[in-house]
Amino acid sequence: MAEAQAKMALGDKNLELPVLSGTVGPDVIDIRKLYGQTGAFTYDPGFTSTASCESGLTYIDGDQGILLHRGYPIDQLAEQSSFMEVAYLLLNGELPTKAELEKFDSTITRHTMLHEQLATFYRGFRRDAHPMAIMCGVVGALSAFYHDSTDITDPHQRMVASHRLIAKMPTIAAMAYKYSVGQPFLYPDNSLSYTGNFLRMTFGVPAEDYVVDPVVEDAMDKIFILHADHEQNASTSTVRLAGSSGANPFACIAAGIACLWGPAHGGANEAALNMLREIGTPDRIPEYIARAKNKDDPFRLMGFGHRVYKNYDPRAKVMQKTANEVLDKLGVTDPIFDVARELEQIALRDDYFVSKKLYPNVDFYSGVILSAIGFPTTMFTVLFALARTTGWVAQWNEMISDPDQKIGRPRQLYTGPAQRDYVPLGKR
Ligand code: ACO
C-alpha cells in the first residue's frame, strides 16, 4: 500500500495523516491516531465516508455500476459459474480446480442435515410467524447444537462452522417455509445439487417424487450468486461488529439475518413486489411516481436507489434477463412484470430519478422471478439470507484472521445534558 499524506489543521494543531491506497477504488485517510493527537473524533453517521475495515473480497464501483468478487465481474460469475463455485471463491480467494470444487461440494453436501432436535425447536413458533423471525431464532440456536465449531481461535473450527452454515441454511430456510404451510419437513437429498436440494426441500412432499426443473434450478442458482456478497453493507457490517467481540459464528450470522430483515435492506424485494402488486396496472404508475417524488409523502419507489450504486445495479441487469427467461420458459404471464418494466422505463426518464441517480437495484426484479417460481413474498428475504450467508462467513473469517482486528467501538457526538445533580423524587 503506497503511503501519501493528508494535511489537516485543527485549531493551532497541524497534522499529517497517512493516505492508504487499495488495489482499485478511492484512497482512504488513516485517522486511527486522530483522537490521540487532537482529542477530536470524526462524525459520519451511516458511514457514508468511512471505511470500517480492509477487505480483499468484494469491490464495488457505484458510479460505474461494477461489482467484483475477488476480482471477477458479477455478470461473468452469474452467467458462467455456479453458486457452489462462488462460495468457494469467496471463502478461499481463488476459483477452485475441478478436484477442489468436487471436494468442497461434497463437504457442503454432507453438512446439510440439521440436528434432529431442531425440528422440535421449530414447533415452538406460531404457524403464522414470519419466516425471517424463525431464521433469526433457529440460526442463533445452532450455537447450542454445534459446540465443536464455536472456538473462533481455531481456523479448522472456523472453517467447519462456515461450511455448516452454508450447508444448513437451505435446510433451515425450507423448514421455515414448510412449517408455515403446515407440511412435513423433508430431509435433504444428497444426490441433488445445492440449489436443487433446496427446491425439493421447499416444494416437494413426502408423498410424491419431486423432479427439479432445470430452468428453475438455474434461475435460483443465479439469484443465489447475485446475493452472495456485497462489500460492507449493513448486515455484513453487523456480522463483523458482532464477531469483533469474539462472539461465535452462529450468533454473528443470526445478527446479520436480523439486520437484513429491515425494509431498507433485504426486506426491500418483498416490499418491491408488494408495491408492484399494489400498483397493479401500468396506468396507475404516474400516481406512484408522483408519490415517490412528493417530499411530504414517505412513500419510496421500492427496488430503486442504492447507497453505493449511482448507476444501474449490475445485479439488476442479470436479474431482469433472468426474469425474462424464467417467465418465458415457465409460460407465466404476470401483469406485475409489465408494471415493473414500464415503471422502470418511466422512472429512468424522469428528472427526479435521473438527477438523484436513482436506478433499479437487485430487488426490483427478483420478486417477480421468485413469485413466478412459487415463493410467497415472506420467503424472499429468507432466500437473500441463505445466499448472503456465504459472504457473511467469508467476511467474518477475513476479519478474525486480520491481525489488526479490534473490537468495533464507534464513538459519538454527545448532545444530551451536561453533568447535573440528581434531584430526589419529592423535589421534582
Ligand atoms: N424513491 C424515491 N426517492 C428516493 C428513493 C426511492 N426509492 N431512494 C432515495 N430517494 C431520494 C431521497 O428521498 C433523497 O432525496 P433528497 O436528497 O431530496 O432528500 C435522495 O434520493 C437520497 O436518498 P437517501 O435516502 O439519502 O439515500 P441513501 O443512500 O441513504 O438510501 C436506500 C439508499 C435506503 C437504498 C434508498 O434508496 C431507499 O430507501 N430505496 C428503497 C428501498 C430499497 O430498494 N432498498 C434496497 C437496497 S439494495 C439492498 O439492500 C440489496
Side-chain angles (χ1 to χ4, degrees), residues 44-50 58 60 62-63 65 67 69 74 78 132 222-239 256-279 285-320 339-340 343-370 377 380-392 395:
D44 186 18
F47 301 109
T48 51
S49 297
T50 300
T58 292
I60 302 174
D63 293 324
L67 166 62
H69 291 319
I74 190 65
M132 279 301 274
K222 278 200 177 74
I223 292 175
F224 288 161
I225 294 175
L226 294 176
H227 288 90
D229 192 45
H230 211 230
E231 209 224 46
Q232 306 311 320
N233 56 85
S235 58
T236 303
S237 299
T238 301
V239 170
I257 293 173
C259 176
L260 187 74
W261 194 1
H265 192 8
N269 56 6
E270 183 175 342
L273 192 76
N274 288 339
M275 175 193 77
L276 292 173
R277 287 215 173 107
E278 192 183 311
I279 299 176
I285 292 172
E287 179 194 327
Y288 283 83
I289 295 266
R291 282 189 62 196
K293 289 158 64 171
N294 181 358
K295 277 240 160 283
D296 301 324
D297 189 330
F299 174 78
R300 280 188 170 197
L301 222 48
M302 298 315 285
F304 254 76
H306 196 274
R307 170 59 62 80
V308 181
Y309 293 117
K310 301 303 167 199
N311 200 326
Y312 213 106
D313 180 338
R315 300 167 301 172
K317 280 189 190 151
V318 184
M319 205 61 99
Q320 190 199 34
V339 173
L343 179 59
E344 176 191 346
Q345 288 315 312
I346 293 176
L348 289 177
R349 284 195 305 266
D350 191 295
D351 213 38
Y352 173 91
F353 294 92
V354 173
S355 63
K356 292 185 192 300
K357 297 188 177 164
L358 299 169
Y359 292 86
N361 61 47
V362 67
D363 294 322
F364 193 65
Y365 285 107
S366 60
V368 176
I369 309 177
L370 296 174
T377 46
F380 292 1
T381 319
V382 172
L383 305 175
F384 191 161
L386 185 168
R388 185 55 59 84
T389 296
T390 53
W392 287 333
Q395 299 263 358

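Counting convention: from 1, in listed order, for ligands and their atoms alike.
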J.: Can you check whether F304 has an N/O within less than 3.5 Å of an N/O in ligand 1?
T.: yes

J.: Would you find more than 12 non-hydrogen atoms of other residues, nucleotides or ligands less than 6.0 Å from F47 atom CZ?
T.: no

J.: As an exercise, state the distance from CG of N233 to SG of C259, rounded to the nearest 0.5 Å.
T.: 7.5 Å

J.: Which atoms from ligand 1 have a heavy atom of F384 less than 4.0 Å away?
T.: 51 (C)

J.: When you measure from atom 42 (C) of ligand 1 to each heavy atom in K357, M302, R388, which option holds the nearest one?
T.: M302

J.: Report the part of L358 (side chain from C-beta onward, or backbone N, CA, C, O) that has a heavy atom under 4.0 Å from ligand 1; answer both or neither where that applies.
T.: side chain

J.: Answer yes or no: does an N/O atom from R307 fall short of 3.5 Å to an N/O atom of ligand 1?
T.: yes

J.: Any nitrogen or oxygen of G303, main chain or side chain, under 3.5 Å from a nitrogen or oxygen of ligand 1?
T.: yes

J.: Please determine if D350 and K293 form a salt bridge, counting it only when a charged side-chain N lies under 4.0 Å from a carboxylate O.
T.: yes

J.: For ligand 1, which atoms sit closer than 4.0 Å to a heavy atom of K356?
T.: 11 (C), 15 (O), 16 (P), 17 (O), 18 (O), 20 (C), 21 (O)

J.: Between A268, P298, P360, A316, which one has a non-hydrogen atom sitting closest to atom 43 (C) of ligand 1?
T.: A268

J.: Determine, considering heavy atoms only, which of H306, H265, K295 sits nearest to atom 18 (O) of ligand 1.
T.: K295

J.: Would you say atom 3 (N) of ligand 1 touches the protein, meaning some protein heavy atom is under 4.0 Å from it?
T.: yes

J.: Hey, what do you get for CD1 (I74) to CD1 (I225), rounding to the nearest 0.5 Å?
T.: 7.0 Å

J.: Just to verify, which of Q232, H69, E231 counts as forming a side-chain hydrogen bond (donor to acceptor under 3.5 Å, both in side chains) with T58?
T.: H69

J.: Any atoms of ligand 1 less than 4.0 Å from a non-hydrogen atom of Y352? List them with their elements.
T.: 2 (C), 3 (N), 4 (C), 11 (C), 13 (O)

J.: Verify the ring-centre separation between H230 and F384: is it less than 6.0 angstrom?
T.: no

J.: Mind checking whether L301 has an N or O less than 3.5 Å away from an N or O of ligand 1?
T.: yes

J.: Please report which non-hydrogen protein atom sits nearest to atom 24 (P) of ligand 1, along with the residue it belongs to and the distance in Å to one decimal place.
T.: R300 NH2, 4.0 Å

J.: Do any heavy atoms of F299 fall under 4.0 Å from ligand 1?
T.: no

J.: Tell me if the centroids of the rings in F304 and Y359 come within less than 6.0 Å of each other.
T.: no

J.: Please tell me whether F299 and Y288 form a close aromatic pair, meaning their ring centres lie under 6.0 Å apart.
T.: yes

J.: Answer with yes or no whether the side chains of D44 and T48 bring together a donor and an acceptor at under 3.5 Å.
T.: yes

J.: Starting from atom 35 (C) of ligand 1, which protein heavy atom do you reach first, and at what distance in Å?
T.: G305 O, 3.7 Å

J.: Does a side-chain N-to-carboxylate-O contact under 4.0 Å join R291 and D297?
T.: yes

J.: Distance under 4.0 Å to a non-hydrogen atom of A292: what atoms of ligand 1 satisfy this?
T.: 2 (C)

J.: Take every heavy atom of F364, measure it against each atom of ligand 1, and state whether any distance is under 4.0 Å.
T.: no

J.: Please say whether D363 places an N or O atom under 3.5 Å from an N or O atom belonging to ligand 1.
T.: no

